[in-house]
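Structure, as structure tokens:
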Amino acid sequence: MQMTRKPSDITTDAKSGEVLHHEGEFIINMGPQHPATHGVLHLKIWLEGETIKKIEPHLGYIHRGIEKMCERLSYRQFIFSTSRMDYLSAHINNQACALAVEKALGLEVPPRAKAIRIILAELTRIASHELWWACSGLDLGGVTPFFYAFREREAINDIMEETCGARLTQNFIVPGGVMSDLHHNFQKRVKRVLTQIKDNLHEYDEILTGNIIFQNRLKEVGYLSREDAISYGCTGPAARGSGLSCDIRKLYPYDGYEKLDFDEIIFNEGDCWARYRVRMAEILQSVHIIEQLIDSIPDGEFQAKTKNVIKLPKGQFYQRVETARGELGVFIVSDGAATPYRCKFRSPNFSNLSAIPQMAQGAKIGDLVAIMATVDLVIPDIDR
Amino acid sequence: MVLITGYVKMNGTEINIKKTGFLKEYFGTIFTSLSSLLTGMKLTGYYFIHPNKIITEQYPDNRATLKMAERFRGEVTLPHNENNEHRCNGCQSCEIACPNGSIKIVTKHEISEDGKKKKRIDTWVYHLEMCTFCNLCIEACPSKAIVMGKKFEHSVYDKSQLVKILNKPGSKVMKEAEE
Amino acid sequence: MTKEELKYKLGEISREAAFDETGEFLNVIIPSPELLPLIKPLRLNKEFYFDYLFCITCVDWKDYLSMVYHLTSTLHRHTCVVQATITDVHCPQIESVSGIWKTAELNENEIYDLFGVTFLNHPNLRRLFLGDQWKGYPLRKDYTDEHMILL
Amino acid sequence: MKKGKEENKIVFPGQLHESPEGGMLVTKLDEIVNWARSNSLWPLIFGTSCCAIEMMHAAGAKYDWSRFGFEVARATPRQADLIIVAGTIVMKMAPVLKRLYDQMPDPKYVIAMGACTISGGPFFYNTYSVVKGVDHIIPVDVYIPGCPPRPEALLHGMIALQEKIKHQPVFRKNKKEIHHDERRIKI
């Protein structure tokens, strides 16, 4: 963090005459290399004493041009690049792309592939929330949660490695199904992990949730009203903590979520504590979803037959899924060729980030870390 | 909704102090926060005296027993048999399937015994420094010539060592894999 | 509201609107000056109540640009897509919708950065990702760069 | 020291002349300093994308890089002597990375972790804003390919760096470094 303080009363821009800042006002640059930003985010913060007056996000420190890149990749290939966007829910990103292609082709995915996708997606969601829990503890000054959450993450990563071949960026989904069948150990190990998570969740509560110091840092901090959440386009746990029903799995079900029994977690308080509780409850909902499927994975093919070179019909296709952070939309404009004409990823983090200045208005600078921790940003997903 | 996670139990310890007086509130806050802190530290202490629950893996010492999963993607390999033969016939499907151009196959034309011109691989260049292990090349290979290797320790001091030539010198294509 | 009802109601608001029903959602295609007169009632009118702008993007069609707004309503749960055509490729301009949906502010910065579309009445228009020194608009189809090695 | 000059010099009886690797004392001092340096590498966290998660896993309970003395991960360059570049570096980030590297005190080491850092990786072709390899900006000591590499692979790379540090000259006059490029890493 660099701190600048100008001695003169009012500093104005030489060209436009616009007032830049007044006396007693600090401008602090948080980032682009700051441990609490979970990546390379640059926030320019106007402060009056300790109170935040204004925040301006400066992005692009990890802008890799994935949308441009996808215009030259075939529909089989462009799936892999999306795992690098929101790498914590890489599997769900891949699923979104595959679903968009399948929707355009009118391709029917075998039920076995659907079940495999959902189980892996929910495992990804649990792993992502575990990491969020670890890091929000870390951001707010507790190092211990980090080690507890990574224990469960390792168990999930081992399953991913055994079935998909990679720990983090799996690239297991292909248009029309999944790349290969489940590993024979899969069901046994998933059940073991689910019991481990359920048994260990009380430890999470003992270490962090029940801690009064931690609770006081989250309660009544970073308030976001339901109207603002809608206006800023917030999705995911960040919006559900403000009472907005926006779970894509419920509203626009895909891959057979409509047959499953689970609850959409909604809290109405709108503060950091509500967002924290949404995520903690979502871990259990994901466990519940996997439990329904794990013993009844349908038999049959794991991949529908597709042509070697996939060509989408002309038109525009929009597919949305619920990642661990909210709604990911894949918007493909096709001109009938083997590559997309234009590919847009509506990322959940980008909209959630735009609400941070609103949440942090009038808060103290120390609370900004709590706000960013509970919104759970993944910066490469913002910049793409 | 609150019932499903365990924090209902913890909610009992939430600060619930009425305005009874400054001192009582002040010390009450200290007491509750200390007690909740100790609850967490009790758990840490539990693991401290239960060393059998430690999951730490002794990495460089356990290399002999460390086995990667069956499907683990470590590197692309081109297996050769004992006669120095491989299955790659140089169709370049993997090169086309690779999304980031980490495979380059240089082909040459060979004249076989019966006088026919045949396409054969000259060098099978694999850029390990660019590979993302997405498995698309393996899926695309029609003759199953390439497989994913299990080795993951690729650290080098020099970047140029990461560009690998997978076909061994003097290797030939297997009879059954031709065309 | 179903697609047909939306189409009928929207046709009453804007005379120049063309409709495309081939996709999943109802597409409303309008010229760029017609954007605000159409989109304001969509947000404010109780029967439409499109309060949730979930995706803004731009598509470069070489001889024209089209801004694509995906709108949905958290009340009625109906969706429609507004496509505003910008014919001037060299100096594209369109009215900002950041006064109606706050999410548009950052998204329009992104589009300004990557496509070069200038948003009129935008509170803080700046190049979000690439910075002011960057030349050209990368997501345009005619963009060339020496750093960009094509496979 | 030039070899050609030494051959032409007349050696008087009783005169001390340096051995090519430095004297006994200096060599031993070197070993001590390098032992201390290699076992207390404090990394600067420079995680920009996916590789940072695997770096966190390496710090986590299962892999636990504190077994090697790496656990003091710092967020400031002033207190770090190793920078693990984990993730894509884009044009806008490159000056920041250079500046962070310049702010680190000597001796400093760089590990390039993951395909994006080594060469641009998946973003080498068809993108406009990615730096094609971090060694265009700062000198790299150890390259760890993978996308992202396993935590064990990161540990392997860091042990390889320790190996390299153990062989570098500190007090020895002979500043010719041992060519690590030809040596295979063995641990």
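A, B, ... follow the sequence lines: proteins, then strands. Residue 1 opens every chain.
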### Task
Output all residues satisfying ring-ring contact (aromatic ring centres under 6.0 Å, His included) with A:Phe80, sequence neighbours left out; order by chain, then residue number.
none

### Query
Checking heavy atoms, do the side chain of C:Ile56, its backbone, both or neither come under 4.5 Å from chain A?
backbone

### Task
Please name all residues satisfying ring-ring contact (aromatic ring centres under 6.0 Å, His included) with C:Phe119, sequence neighbours left out, ordered by chain then number.
none

### Query
Measuring from A:Phe345:CZ to C:Cys55:SG, what's the distance to the nearest 0.5 Å?
11.5 Å

### Contact origin within A:Leu251 toward chain C - heavy atom pairs under 4.5 Å
side chain

Return one line per donor-acceptor pair between chain A and chain C under 3.5 Å, naming both atoms and the distance rounded to 0.1 Å.
from: A:Glu56; atom 1: OE2; to: C:Asn124; atom 2: ND2; distance (Å): 3.1
from: A:Pro57; atom 1: O; to: C:Arg126; atom 2: NH1; distance (Å): 3.0
from: A:Pro57; atom 1: O; to: C:Arg126; atom 2: NH2; distance (Å): 2.8
from: A:Lys68; atom 1: NZ; to: C:Pro138; atom 2: O; distance (Å): 3.0
from: A:Lys68; atom 1: NZ; to: C:Arg140; atom 2: O; distance (Å): 3.0
from: A:Glu71; atom 1: OE1; to: C:Lys141; atom 2: NZ; distance (Å): 3.1
from: A:Lys103; atom 1: NZ; to: C:Glu24; atom 2: OE1; distance (Å): 2.8
from: A:Lys103; atom 1: NZ; to: C:Glu24; atom 2: OE2; distance (Å): 3.1
from: A:Asp228; atom 1: OD1; to: C:Lys102; atom 2: NZ; distance (Å): 3.0
from: A:Ser231; atom 1: O; to: C:Lys102; atom 2: N; distance (Å): 3.3
from: A:Ser231; atom 1: O; to: C:Thr103; atom 2: N; distance (Å): 3.0
from: A:Ser231; atom 1: OG; to: C:Lys102; atom 2: N; distance (Å): 3.1
from: A:Tyr232; atom 1: O; to: C:Thr103; atom 2: OG1; distance (Å): 3.4
from: A:Cys234; atom 1: O; to: C:Tyr52; atom 2: OH; distance (Å): 3.0
from: A:Ser245; atom 1: O; to: C:Arg77; atom 2: NH2; distance (Å): 3.0
from: A:Gln316; atom 1: OE1; to: C:Gln83; atom 2: NE2; distance (Å): 2.8
from: A:Tyr341; atom 1: O; to: C:Lys141; atom 2: NZ; distance (Å): 2.7
from: A:Tyr341; atom 1: OH; to: C:Asp60; atom 2: O; distance (Å): 2.7
from: A:Arg342; atom 1: NE; to: C:Cys58; atom 2: O; distance (Å): 2.7
from: A:Arg342; atom 1: NH2; to: C:Thr57; atom 2: OG1; distance (Å): 2.7
from: A:Arg346; atom 1: NE; to: C:Phe54; atom 2: O; distance (Å): 2.6
from: A:Arg384; atom 1: NH2; to: C:Glu110; atom 2: OE1; distance (Å): 2.9
from: A:Arg384; atom 1: NH2; to: C:Glu110; atom 2: OE2; distance (Å): 2.6

### Message
Ignoring hydrogens, what is the shortest heavy-atom contact between A:Pro57 and C:Leu128? Give both atom names and the distance.
### Response
O-CD1, 4.1 Å

#### Entry: Proximal component of C:Leu130, with respect to chain A [non-hydrogen, under 4.5 Å]
side chain

#### Entry: Under 4.5 Å from any heavy atom of chain A - which part of C:Val68
side chain

### Query
How would you list, by chain and number, every residue that makes a side-chain contact (heavy atoms from CB on, under 4.5 Å) with C:Ala18, sequence neighbours excluded?
C:Ile29

### Query
Where does A:Leu73 contact chain C at under 4.5 Å (heavy atoms): side chain, backbone, both or neither?
neither

